[in-house]
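Let me begin by presenting the structure, written as structure tokens, before commenting on it.
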Amino acid sequence: MSDWPSEHPRRPASATFHTASYVTLAGADWLASAAPCPESVHARWAACPDAPSTLPCGSVFDVINAPALFGRELVDRLWTAGPGSGPVATHRGRILLFAEPGTARRLPALLGWEEWSGSVPPLLCHGTGDAVTVPPLFPHRPARPSPPYGTPTAPTGDAPTPEPDRPDSDRPDVTSRWLVAPDVRHPWLPGPGTLLWACIRAARRVHTGGAEPAAGTPGSSAPAL
């Protein structure tokens, strides 16, 4: 049986982990609402929808920035034994979990009361006064394949030879993508209590080599939320 705390309601039973790689129009409205001037954000996206953007935290969402391996374990705990997650992205080898405003301030304090906190790697908590880079609305489109050998090409002349397409690993925008993209105007976001629980579950799982702790295993001395 899951030890998910009863005071935090689960998401609807139909919610399942999905890997939507692009942002819907409603999701874009939600992201843009974090900026002082949402219209300018939409204009920038309209001009370049496949470029990352920088948005402020603290009013619409906070962001918990975790190392890649622990972050993926954290997301897995949220979806397999908890209520699910809000939007999740990966950026430069780290996992970005979008959370309720105020989470960046409260989560470190709650972890300080937890005896398993030493097993939680350092988390970067972005809240009021911070900004984060969010992935492009749409994933990068792969380059068109080169024409097969023998396909006629344009006559050669003084025109410069086009630069060959760079591999994806060399493209700056490939380092940022959505794992769970925003798809509604008001997405559900985990709060500090939800993420505290998930952090401890993830830390226990990593510490025990992937085995789930027995039901009722002590490990939390956090104050009531």
Side-chain angles (χ1 to χ4, degrees), residues 4-5 7-11 15 17-20 23 27 30-31 33-35 52-135 175-184 186-207 219-220 222-223 225:
W4 175 249
E7 63 268 24
H8 299 294
R10 289 178 175 272
R11 298 185 79 180
F17 184 77
H18 61 91
T19 55
V23 179
W30 174 72
L31 284 172
S33 69
S53 303
T54 300
L55 294 174
C57 302
S59 60
V60 174
F61 53 76
D62 282 0
V63 171
I64 305 304
N65 184 330
L69 293 179
F70 184 80
R72 288 180 178 272
E73 185 65 39
L74 186 58
V75 174
D76 185 63
R77 293 301 88 205
L78 285 168
W79 281 97
T80 59
S85 73
V88 180
T90 177
H91 180 67
R92 293 185 176 178
R94 295 180 68 89
I95 300 297
L96 308 181
L97 290 96
F98 288 69
E100 287 181 358
T103 299
R105 176 178 56 84
R106 293 192 60 202
L107 181 59
L110 293 176
L111 281 170
W113 285 83
E114 173 57 55
E115 67 180 79
W116 280 88
S117 61
S119 299
V120 177
L123 303 176
L124 303 178
C125 299
H126 306 294
T128 303
D130 299 325
V132 294
T133 299
V134 301
T175 62
S176 182
R177 66 186 179 89
W178 292 103
L179 300 179
V180 181
D183 56 0
V184 295
H186 299 286
W188 178 86
L189 299 174
T194 301
L195 289 175
L196 171 67
W197 174 88
C199 282
I200 300 312
R201 284 292 295 252
R204 288 176 179 172
R205 185 173 173 85
V206 170
H207 183 75
S220 177
L225 302 179

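Values below: all heavy atoms of this structure, side chains included; hydrogens, waters and symmetry mates excluded.
- In this structure, the separation between NE2 on His126 and CZ on Phe98 is 10.0 Å, given to the nearest 0.5 Å.
- Looking at Pro192 and Glu100, their side chains come closer than 4.5 Å, going by heavy atoms from C-beta outward.
- For Phe70 against Ala203, the heavy-atom pair with the smallest separation is CE1-N, 3.8 Å.
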Original post:
Do Leu97 and Leu74 pass the side-chain contact (heavy atoms from CB on, under 4.5 Å) test, and can you show the C-alpha distance, the side-chain angles, and the key distance before you say yes or no?
Top reply: CA-CA 9 Å; Leu97 290 96; Leu74 186 58; 4.0 Å; yes
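- Two residues are said to be in side-chain contact when any heavy atoms from C-beta on lie closer than 4.5 Å; Ser53 and Leu31 fail this criterion.
- Checked by atom type and distance alone, the side chain of Asp62 pairs as donor or acceptor with a backbone atom of Gly102 at under 3.5 Å.
- Distance check, rounded to the nearest 0.5 Å: CG of Leu111 to CZ of Arg106 gives 11.5 Å.
- The minimum heavy-atom distance between Val88 and Trp178, with the atom names listed, is O-CE3, 3.5 Å.
- Here the CG atom belonging to Leu179 is positioned 5.5 Å from the CZ atom belonging to Arg72, to the nearest 0.5 angstrom.
- Rounded to the nearest 0.5 Å, atoms OG1 (Thr103) and CG (Leu110) are 9.5 Å apart.
- Residues Ile95 and Ala68 share a closest heavy-atom pair of CG1-O, 3.7 Å.
- One distance of note links NE2 of His91 with CG of Leu96; it measures 7.0 Å at 0.5 Å rounding.
- Between Pro87 and Leu189, the closest heavy-atom pair is CD-CD2, 3.7 Å.
- Paired with Cys125 under the rule side chain to side chain contact (heavy atoms under 4.5 Å, CB included), one option of Ile64, Leu195, Val63 passes, and it is Ile64.
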Subject >> Evaluation steps, side-chain contact (heavy atoms from CB on, under 4.5 Å), between Ile200 and Arg204 >> reply: CA-CA 6 Å; Ile200 300 312; Arg204 288 176 179 172; 3.7 Å; yes
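- Using modelled atom types, one finds a donor on one side chain and an acceptor on the other under 3.5 Å when comparing Arg77 with Thr80.
- Within the model, atoms CG of Leu124 and CG of Asn65 stand 4.5 Å from one another, a figure rounded to the nearest 0.5 Å.
- Heavy-atom minimum distance, Ala81 versus Arg201: CB-NH2, 4.0 Å.
- Among all heavy-atom pairs drawn from Cys199 and Leu123, the shortest one is SG-CD1, 3.9 Å.
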